[in-house]
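To start, the structure under review is shown below, and the notes come after it.
Sequential numbering from 1 along the given sequence is applied to the chain's residues. Whatever order the structure lists them in is the order used to number ligands and atoms, beginning at 1. Values below: all heavy atoms of this structure, side chains included; hydrogens, waters and symmetry mates excluded.
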Amino acid sequence: MSFQEQIANTTDCGFFEGAIPVKYEYTMGNAGDKFFRTMMEKGEIVASRCSKCGKLYVPPSTFCEADDCFSPTSEFQPIDQTGEVYSWTESHVDMAGNRHDKPQVYAMVKFNGVEGAIIHRLNAEASNVKIGMKVKPVFKEAAKREGNMEDIQYFTEV
Ligand SMILES: [Zn+2]
């Protein structure tokens with residue numbers, strides 16, 4: 001086979017298997033730092049607020065994403081932590097492919113008057129989950145929080 005020929009069937013290709021170890025550190029940025037630090041220190045979810053149009057963003061953003069705005073969002077304010085399930089799914093395996101003891105429910109939770117959403121575990125049986133159901137975060141006890149998404153243990157129905 002030459003470079004001029006086109007491969008139409010993937011089984012015609014040779015392959016090798018391997019693993020690429022990747023380690024990285026990703027900075028939280030100003031808005032992320034405020035978001036995670038507030039969860040860790042106060043057990044609250046904060047939104048960034050656009051200085052021009054007032055839109056709120058969770059997770060916080062450093063600029064307004066509204067059409068023709070793009071203003072800085074350097075102010076932060078706590079939001080009503082009662083959100084609602086916008087979408088959800090059920091997981092049977094973890095990121096490494098290991099089977100969960102019992103299926104886990106993950107939900108995209110949106111908050112009233114806030115752009116964006118948080119995706120997290122939902123402490124519910126899949127058969128009981130409804131789009132629009134009211135949920136709130138359950139935080140770890142303060143001494144065990146580390147400033148990351150795991151500071152929220154899960155969301156639970158209100
Ligand atoms: Zn704006």
How long is the straight-line distance from CD of Q104 back to OG1 of T89, given to the nearest 0.5 Å?
12.0 Å

Salt bridge (charged side-chain N to carboxylate O under 4.0 Å, His left out) contacts touching residues 57-81 (sequence neighbours left out)
R49-E75

Show the numbers, then the answer: is there a side chain to side chain contact (heavy atoms under 4.5 Å, CB included) between S48 and F76?
CA-CA 4 Å; S48 59; F76 296 88; 3.8 Å; yes

Salt bridge (charged side-chain N to carboxylate O under 4.0 Å, His left out): which pairs involve residues 18-36, sequence neighbours left out?
D33-R37

The complete set of salt bridge (charged side-chain N to carboxylate O under 4.0 Å, His left out) pairs with one or both residues in residues 120-131, sequence neighbours excluded, reads K102-E125, R121-E150

By residue and atom, what protein N/O/S atoms are less than 2.8 Å from the Zn ion (ligand 1)?
C50 SG, C53 SG, C64 SG, C69 SG

d(K110 NZ, I118 CD1) to nearest 0.5 Å is 11.0 Å

